[in-house]
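Numbering of ligands and ligand atoms starts at 1, following listing order.
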Amino acid sequence: MGDIYFVDDSEYKNPETLALHGGNYRFDPVTSAVTVPIYRSTSFQFRDTENAANLFALQEFGNIYSRIMNPTNDALEQRLAALEGGRAALSVSSGQAATTFCLLNVAQAGDNIVSSTDLYGGTVNLFNHTLSKQGIEIRYADPLDPAEFEKHIDDKTRAIYAETLPNPYLRVFPIQEVSDIGRKYNIPLIIDNTAAPVICNPIEHGAAVVMHSLTKYIGGHGAVIGGVIIDGANFDWTADPKRQPLFNEPDPSYGGVVWGEAVPQITGHNIPFAIRARVCLLRDLGSCLSPDNAFQVIQGIETLPLRMRQNCSNAERVVDFLEDHPKVERVIYPKNYDGVVGERAEKYFNGGFGALVGLELKGGIEAGKKFINSLKLFYHVANIGDARSLAIHPATTTHSQLTPEEQLASGVTPGYVRLSLGIEHPDDLLSDLKQALET
Ligand code: PLP
């Protein structure tokens with residue numbers, strides 16, 4: 001095994017190849033096993049006391065204890081960093097943990113984050129309830145107009161947060177436009193790319209950090225909950241020391257180290273975000289991904305580019321079918337938007353427009369319920385990004401706690417149904433949708 005924690009430039013750039021070969025893992029150095037083994041060990045033997053001291057002082061990188069690092073997880077992290085065009089990654093126990101780490105890695109009580117309004121509901125709860133009670137203020141900006149983000153920035157703004165492809169609107173986020181605004185103030189853009197792996201590369205468009213819920217397309221088989229943070233290594237954390245105190249002031253929890261300076265010196269890579277998240281936040285909060293789950297996710301990644309292709313092409317087939325159906329009022333899909341929103345889908349997506357499709361049924365709430373209950377092949381679950389096709393009626397499930405006015409404000413009309421297209425044969429998907437619409 002080569003270096004741990006970070007990846008160098010790969011000679012391969014294509015996602016199909018990186019999904020199988022990205023990162024330093026080639027084969028197990030002891031057994032020659034090609035498939036990444038599950039290293040089910042809590043702790044790792046030190047060579048001698050000098051080696052132990054160096055590992056703790058970050059003068060050498062190696063395995064100490066599986067809460068903070070594990071060789072199976074390391075292979076997963078490097079593979080994901082390579083796939084997203086980053087340099088280092090940190091796997092954690094869920095997408096929610098990944099989002100929490102992203103914010104706690106830059107913000108303390110009294111600081112603020114400027115966030116897009118278009119977010120997964122769990123992220124909104126985390127921001128509005130848990131993190132705001134810890135004194136981190138979240139200021140919301142409408143992603144339709146990138147200039148809105150600038151209006152909320154002040155001296156205490158530490159990051160901008162957004163999702164690439166948020167549902168129910170499925171409007172692609174203006175990544176480069178907002179990243180450029182942030183960079184004027186030395187503020188990083190952190191992007192949740194859960195709904196668009198492979199087809200969108202936010203780091204290429206200026207995002208400093210990408211996170212994913214591994215639970216969705218990357219795991220891909222509905223078997224694992226997990227999350228990852230990927231450091232793009234493209235952001236200067238020390239350019240304005242007052243802007244990023246956690247990277248520029250001595251850290252008393254780690255012998256006074258200044259993360260923004262020390263990490264590039266030790267690793268040769270500009271990855272203080274990933275390293276600090278690992279050795280401070282994962283050390284303290286403990287929400288690590290088990291090596292068994294890391295192994296499962298690696299199996300998922302190996303077919304991710306293939307699956308995404310089929311997920312996306314099934315979505316396009318379904319969009320074409322629904323657009324012509326008399327019981328469907330409207331179909332929501334990234335490339336269906338006119339004007340600047342549709343142009344963003346073309347600009348930022350490559351090889352497909354995602355596998356989430358919204359449809360508004362004529363006949364409102366009753367039509368929505370009837371349709372869901374009539375589906376035979378689609379699973380009725382609160383999830384996205386599975387190999388199987390999934391459907392949900394938000395007005396009676398995920399958004400049922402909201403008033404009808406609040407539902408409308410969040411883009412959920414009474415007859416809205418969200419589909420997450422899997423990789424089944426498109427003809428079978430179309431015939432299931434057809435029979436459910438005609439029931
Ligand atoms: N981000 C997005 C866009 C999601 O859809 C989800 C879950 O649905 C999460 C984050 C949270 O991920 P997890 O369920 O793995 O905690």
Which of the numbered atoms in ligand 1 are under 4.0 angstrom from any heavy atom belonging to [X]?
{"X": "Thr215", "result": "13 (P), 15 (O)"}
{"X": "Ser213", "result": "9 (C), 12 (O), 13 (P), 15 (O)"}
{"X": "Gly226", "result": "15 (O)"}
{"X": "Gln96", "result": "11 (C), 12 (O), 13 (P), 16 (O)"}

I want to know whether Tyr39 and Tyr25 have ring centres closer than 6.0 Å.
no
Ring centers of Phe273, Phe235 separated by less than 6.0 Å
no
Polar side chain donor-acceptor pair, Glu424 to Ser389, under 3.5 angstrom
yes
Tell me yes or no: between the side chains of Asp231 and Tyr5, is some donor less than 3.5 Å from an acceptor?
no
Sequence neighbours excluded, the answer for side-chain contact (heavy atoms from CB on, under 4.5 Å) partners of Thr267 is Phe6, Phe61, Val263, His269, Ile271
Among protein heavy atoms, which sits nearest to atom 13 (P) of ligand 1, and what does the distance come to when rounded to 0.1 Å?
Gly95 N, 3.4 Å
Atom 10 (C) of ligand 1: which protein heavy atom is closest, and how many Å away?
Asp192 OD2, 3.6 Å
Is the closest heavy atom of Lys216 to ligand 1 under 4.0 Å?
yes
List the residues meeting salt bridge (charged side-chain N to carboxylate O under 4.0 Å, His left out) with Glu150, not counting sequence neighbours, and say none if there are none.
Lys184
Could you tell me whether some N/O pair between Met211 and ligand 1 is separated by less than 3.5 angstrom?
no
